Protein chains: 2
Amino acid sequence: MEYPSKLVEKAVEEIAKLPGIGKKTALRLVLHILNRPEEDTTSLSEALIDLRQNIKYCNTCHIIGDTDECTCMTMNRDTSIICVVEGTTDAMAIRNTGQYNGLYHVLGGRISPMDGIGPDNIRIDSLIDRIKNNSEIKEIILALSGTMEGDTTAFYITKLLKGHDVKVTSIARGIPVGGELEYADEVTLGRSIMTRTLFES
Amino acid sequence: MEYPSKLVEKAVEEIAKLPGIGKKTALRLVLHILNRPEEDTTSLSEALIDLRQNIKYCNTCHIIGDTDECTCMTMNRDTSIICVVEGTTDAMAIRNTGQYNGLYHVLGGRISPMDGIGPDNIRIDSLIDRIKNNSEIKEIILALSGTMEGDTTAFYITKLLKGHDVKVTSIARGIPVGGELEYADEVTLGRSIMTRTLFES
């Protein structure tokens, strides 16, 4: 598409680099920005630069935060369990369930040879160190995605922890709450029978 | 949702002000930005600020551009026709068809009493002035949206031009190329019969 202005073209190109935003959407955003007061653009741009320059990652759990040490070790948490997740959003989602009050460990991805991501590219070493150096930790919950890459990552971590006095569990795979059996795929349904739980009435 | 960082929260809020972007998408964009080099964020922010501060609108046709006078009056255009559109994207879309080589006039909206937009809020006056002051213009094509607001705007402009020696036309309303008749609404189908054209073989 031919743009009426170099400034529009440049802005569209920059916005369209973001995931899930094509050039048409980017153009719509550009025209929206032009219709809004200049302060809106300034505060958007400043928020992005501020974010990128000043964000910190907790040295222990690697969750995104405003300081080098997040609140992961304080706030009355159960410090004997670590929930291992791929990204910060996963940790946020689990925290929002209200069902978990332990610690977190953000791997920053999953093992995916197809994408050139090996065990050294994600924070598995620091997880193992964290468990080795802290005898208080009794359990780690693997809350990884239910894909081949997620499973590979889970197997790799489990293998490294063999011989350590720590229980390794995984979040349950099964039929979602409210889900119909007939629409579930066979693997999930099979797994939900294999890992059936005691019905509590 | 509770955010792990004030910076993330602020950036999510700013991004979510853009149309069609909710807080979940905004969070995904924020995490993407954090995974990319700092230069990417800088160039995105600079492009937006540069756009907002330095964009110009052509004094004649009101199309977005880099200067006060766009190329609308040059470039071997047919200067006897003006195509009236609601926004710059419409003009771009028409130009991209390659079927039109005349001038444009961007109204900057359409008459919509429900939204408090009257004839004075869009650039109808400057269109009338443009036609009055230039006897070269023989035709104006109304390329407005096929909604009640678009029709109202079209009627209003037509009324103002009564008595002027200028032909007022509208883009054709009908069945889209490649469209099935059975899925078309009655009004469109009816209009496509009323305004049928000579079949050229």
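Chain A is the first sequence line, chain B the second, and so forth, proteins listed ahead of strands; every chain is numbered from 1. Quick caveat: nothing in here was measured; it's all calculated off a predicted structure.
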Compare all side-chain heavy atoms of [X] with those of [Y] and state whether any distance is below 4.5 angstrom.
X: A/T41; Y: B/L51; answer: no
X: A/L29; Y: B/I21; answer: yes
X: A/L7; Y: B/I64; answer: no

Go through [options] and name the one with the most non-hydrogen pairs under 4.5 angstrom from chain B.
options: A/Q53, A/E38, A/K10; answer: A/E38
options: A/R36, A/E13, A/K56; answer: A/R36
options: A/N35, A/V30, A/D40; answer: A/V30

Looking only at heavy atoms and a cut-off of under 4.5 Å, which of [options] has the most pairs with chain A?
options: B/E14, B/K17, B/E46, B/R28; value: B/E14
options: B/P37, B/G20, B/A91; value: B/P37
options: B/L48, B/I49, B/L18, B/L34; value: B/L34

Under the 3.5 angstrom rule, does the side chain of A/R52 hit a backbone N or O of B/T42 as a donor-acceptor pair? no

Under a 3.5 Å distance rule, please check whether A/D66 uses its side chain to pair with a backbone N or O of B/S5 as donor and acceptor.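 Judged by distance alone, no pair lies under 3.5 Å.
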
Portion of A/V12 that has a non-hydrogen atom of chain B nearer than 4.5 angstrom: neither

Measure distances from A/T88 to the heavy atoms of chain B and classify the residue's part below 4.5 Å as side chain, backbone, both or neither. side chain

Does atom CG (B/D185) have a neighbourhood of more than 12 heavy atoms from anything else shown, all under 6.0 Å? yes

Tell me, side chain or backbone of B/L44 under 4.5 Å from chain A's heavy atoms, or both, or neither?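 Contact with chain A is through both the backbone and side chain of B/L44.
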
What part of B/I63 is in contact with chain A, defined as an atom under 4.5 angstrom from a non-hydrogen atom: side chain, backbone, both or neither? side chain

Nearest heavy atoms of A/A11 and B/A47, plus distance in Å: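 Reported closest heavy-atom pair: CA-CB, 4.1 Å.
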
